[in-house]
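Positions are given from 1, in the same order as the sequence printed here.
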Amino acid sequence: MVGLTGGIGAGKSTVTAVLEEAGAVIVDADKIAREVVQPESPGLAMLVAEFGEGILGQDGSLDRAALASLAFVDADRTAALNAITHPLIGQRTAELFTAAPQDAIVVHDMPLLVEGGLTPGYHLVVVVDTPADIRLERLVGQRGMPEDDARARMSRQATDEQRRAVADVLIDNSGSAKPSWRPRAPWSSPGWFRSSTTCGPRPR
């Protein structure tokens, strides 16, 4: 199994699209996070109980910006959010892992892989490496995120140096072209993942 991570705004979805085209099965933690808080879901009900009905849009769906404005103001509020969503995400993730074909190369796209200390559980760790200033520019300019909110979210994630320290492969996604693969092991092209992930658990 391949663990793929990178800071918010790094462009992980661009990389997973390339891997999916090459035949990998993508398990996207962000997509799962949205799925478990869909309207009328137990997850959304728990969020409303914790953060109030102000996090709901007019159609009854989760207003993610409203939730972020409450959940990322300090570490305690973020912990309350994680206590609700993480178990739900974990359960759904396990279901998708189980459903993947036995011979599939599974790429787990997980933003907080490093923060959670989960790297030893993967055969290979791929880090989408994009400088913080470029990520901030993308969050504000492309996603329309308030700069203070963007900086707050970035500050609660691992640093670029921490992610690079655990990477087996670095992917430079700082430009507008296709991401540039920079393996930190003897792989020379995106085809590395098909053979390298058939080995046993990665040594640490």
Please check if M46 and F72 belong to a single hydrophobic cluster, counting links between Ile, Leu, Val, Met, Phe, Trp and Tyr side chain heavy atoms closer than 4.5 Å.
yes
For residues 27-42, pull every pair meeting side-chain hydrogen bond (donor to acceptor under 3.5 Å, both in side chains), keeping only residues two or more places apart or in separate chains.
E35-R92
Single-linkage hydrophobic cluster, 4.5 Å side-chain cutoff, L118 and I89 together
yes
Give the intermediate values and the outcome of side chain to side chain contact (heavy atoms under 4.5 Å, CB included) for residues L113 and V127.
CA-CA 10 Å; L113 187 150; V127 171; over 6 Å; no
Any idea which heavy atoms bring V15 and L4 closest together, and the distance?
CG1-CD1, 3.6 Å
Answer yes or no: does atom CD of E137 have more than 12 heavy-atom neighbours from other residues, nucleotides or ligands under 6.0 Å?
no
Main chain of I8, side chain of Q157: is a donor-acceptor contact present, judged purely on distance under 3.5 Å?
yes
Just by modelled atom types, is the P111 backbone N or O under 3.5 Å from a matching donor or acceptor in the T5 side chain?
yes
Would a hydrophobic clustering, with Ile, Leu, Val, Met, Phe, Trp and Tyr connected at side-chain separations under 4.5 Å, put V48 with V36?
yes
Taking all non-hydrogen atoms of both residues, which atom of D74 and which atom of D76 are closest, and how far apart?
OD1-N, 3.1 Å
Looking at side-chain heavy atoms only, is the closest gap between V18 and T16 below 4.5 Å?
no
Where is the tightest heavy-atom contact between A71 and T78, given as atom of each residue plus distance?
O-OG1, 2.8 Å
I need the I26 CD1 to I105 CD1 distance, nearest 0.5 Å.
11.0 Å
Pair F51-L81, side chain to side chain contact (heavy atoms under 4.5 Å, CB included): steps then yes or no:
CA-CA 9 Å; F51 293 98; L81 171 65; 4.1 Å; yes
Indicate the atoms forming the closest heavy-atom contact of A100 with V106, along with that distance.
CB-CG2, 3.9 Å
Whether the side chain of T119 engages the backbone of V166 through a donor-acceptor N/O pair (distance < 3.5 Å, no angle test) should be reported.
no
Atom pair OG1 (T159) and CD (E115), whose distance is rounded to the nearest 0.5 Å:
9.0 Å
Report yes if the side chains of H108 and V2 come closer than 4.5 Å at any heavy-atom pair, otherwise no.
no
Looking at E53, I'd like to know if its CD atom is crowded, meaning that more than 12 non-hydrogen atoms belonging to other residues, nucleotides or ligands lie closer than 6.0 Å.
no
For residues V27 and D109, determine if any side-chain heavy atom of one lies less than 4.5 Å from a side-chain heavy atom of the other.
no
In one Ile/Leu/Val/Met/Phe/Trp/Tyr side-chain cluster, 4.5 Å: I134, V140:
no
For V25 and A104 the tightest heavy-atom approach is CG2-CB, 3.7 Å
Can you find a pair of side-chain heavy atoms, one from R138 and one from M145, that are under 4.5 Å apart?
no
Do V128 and T130 make a side-chain contact, defined as non-hydrogen atoms from C-beta onward lying under 4.5 Å apart?
yes
Show the atom names and distances, to 0.1 Å, of all donor-acceptor pairs under 3.5 Å that link a side chain in residues 54-67 to residues at least two apart or in another chain.
{"from": "D59", "atom 1": "OD1", "to": "S61", "atom 2": "N", "distance (Å)": "3.0"}
{"from": "D59", "atom 1": "OD1", "to": "S61", "atom 2": "OG", "distance (Å)": "2.7"}
{"from": "D59", "atom 1": "OD2", "to": "S61", "atom 2": "OG", "distance (Å)": "3.3"}
{"from": "D63", "atom 1": "OD1", "to": "A65", "atom 2": "N", "distance (Å)": "3.2"}
{"from": "D63", "atom 1": "OD1", "to": "A66", "atom 2": "N", "distance (Å)": "3.0"}

Closest heavy-atom pair, A132 versus D160, reported as atoms and distance to 0.1 Å, is N-OD2, 3.6 Å
Under a 4.5 Å cut-off applied to non-hydrogen side-chain atoms, are R77 and L70 in contact?
no
ILVMFWY network linking V73 to M154, side-chain heavy atoms under 4.5 angstrom
no
Do the side chains of R163 and D129 get close enough for a salt bridge, i.e. N-O under 4.0 angstrom?
no
